[in-house]
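For ligands, and for the atoms within them, numbers begin at 1 and follow the listed sequence.
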Amino acid sequence: MSDLQERYDFAIGLAVEAGALARRMRGAMAAADAKSRLDFCTEADLAVERLIRERVTTRFGDTMIGEEDGGDASDSVWVVDPIDGTTEFIHGTQRWCISLAYLRAGQIEIGVIYAPDDDRLFAARAGGGAFLNGRPMSVSHLAHGAVPVVECGWSERRPLATFTDLLHRLVAGGIEFRRHGSGALGLADVACGLNDGYIELHINAWDALAGILLVREAGGCTNDFLADGGLRNGACLVAVTPELVARIADTLTASSGPIRWFPPCPS
Ligand code: IPD
């Protein structure tokens, strides 16, 4: 078995184990700490991140960058959000997940997202396709024939006015929008065709990298998130079914400049 296949199988098992821990802790959840007015961290976020870090470093000696405790980049690094959608987790919805990405020499090789409450496991390996609970998945290709729906995430890292301007442009261009509270699951929804796209003007790598690989491996297009320091500093994120590339490029150029697609996408 190749060491990438070993890490892939490991990531799937670990995401499920981490999800079970988060669910157990949710039952007895203590008060959440506010990182900012709108950004929270629970004891479950911290415990799940500790579990993942312990497993990853013990098994492979890789480095890990986690949302809560940080960490170092390397040529063999895991990028982890222990609970993406923390506000949803606190509010008791199903819209939260564990997000694990593995990067080798700066490329995303493995992406796994697990949504424990509805037991959805999304997994992809670079060049190996994308799967939902073991079944191959595909972006929508707008086959539904209805108005395109794009989820748009937002945080205080970007001015609200820039976000509302983006929403305005999307609607003016005939595209519907949603916001559900987990960037990782928003990307997973693009990969399995429930949404036609996901955009966030700034998002962190731990929220985005696993989902980016899912979308690419499911036939979608994403921007070059890791260019210009995206791993450390986060970046603008665009992920769409290929049929929306030209429309989204027009819409976004006004809000955030031209999009560099990676790998290149049809326009
Ligand atoms: C947040 C969620 C949200 C996105 C933010 C993220 P968290 O992550 O993914 O949907 O819009 O940019 O920070 O705090 O729930 O892990």
Problem set entry | Taking every non-hydrogen atom, the tightest pair across Arg7 and Ser76 | NH2-OG, 3.9 Å

For this session: Decide, yes or no, whether a salt bridge links Arg178 with Asp189 under the criterion of side-chain N to carboxylate O below 4.0 Å.
Result: no

Exercise. How does Asp207 reach ligand 1, by side chain, by backbone, by both or by neither, if only non-hydrogen atoms under 4.0 Å count?
Worked result: side chain

Exercise. Has ligand 1 got any nitrogen or oxygen that is less than 3.5 angstrom from a nitrogen or oxygen of Ile203?
Worked result: no

For this session: Using non-hydrogen atoms of the residue, decide whether Asp84 is closer than 4.0 angstrom to ligand 1.
Result: yes

Exercise. Is a side-chain donor or acceptor of Glu151 paired with a backbone partner of Gly197 at a separation under 3.5 angstrom?
Worked result: no

Exercise. Taking atom NE2 of His144 as the centre, does the number of heavy atoms from other residues, nucleotides or ligands within less than 6.0 Å exceed 12?
Worked result: yes

Exercise. Relative to ligand 1, is Trp206 under 4.0 angstrom through side chain, backbone, both or neither, heavy atoms considered?
Worked result: neither

For this session: Within a distance under 4.0 Å of any heavy atom of Trp154, pick out the atoms of ligand 1 and give their elements.
Result: 11 (O)

Exercise. Do we get Arg26 above Phe89's six-membered ring, with its NZ or CZ under 6.0 Å from the centre and within 45° of the axis?
Worked result: yes

Seminar exercise, completed: Under 4.0 Å between heavy atoms, the region of Arg157 that gets near ligand 1 turns out to be side chain

Exercise. Side-chain contact, heavy-atom cut-off 4.5 Å: Ile65 with Leu231?
Worked result: yes

Seminar exercise, completed: With sequence neighbours left out, the residues meeting ring-ring contact (aromatic ring centres under 6.0 Å, His included) with Phe60 are Phe10

Exercise. Taking atom 10 (O) of ligand 1 as the point of reference, which of Gly181, Ser99, Pro82, Ser155 owns the nearest heavy atom?
Worked result: Gly181

Exercise. So is Asp45 close enough to ligand 1, meaning a heavy atom under 4.0 angstrom away?
Worked result: no

Exercise. Closer than 4.0 angstrom: is that true for some heavy atom of Asp81 and an atom of ligand 1?
Worked result: yes

Exercise. Where on Glu67 is there a heavy atom closer than 4.0 Å to ligand 1, on the side chain, on the backbone, on both, or on neither?
Worked result: side chain

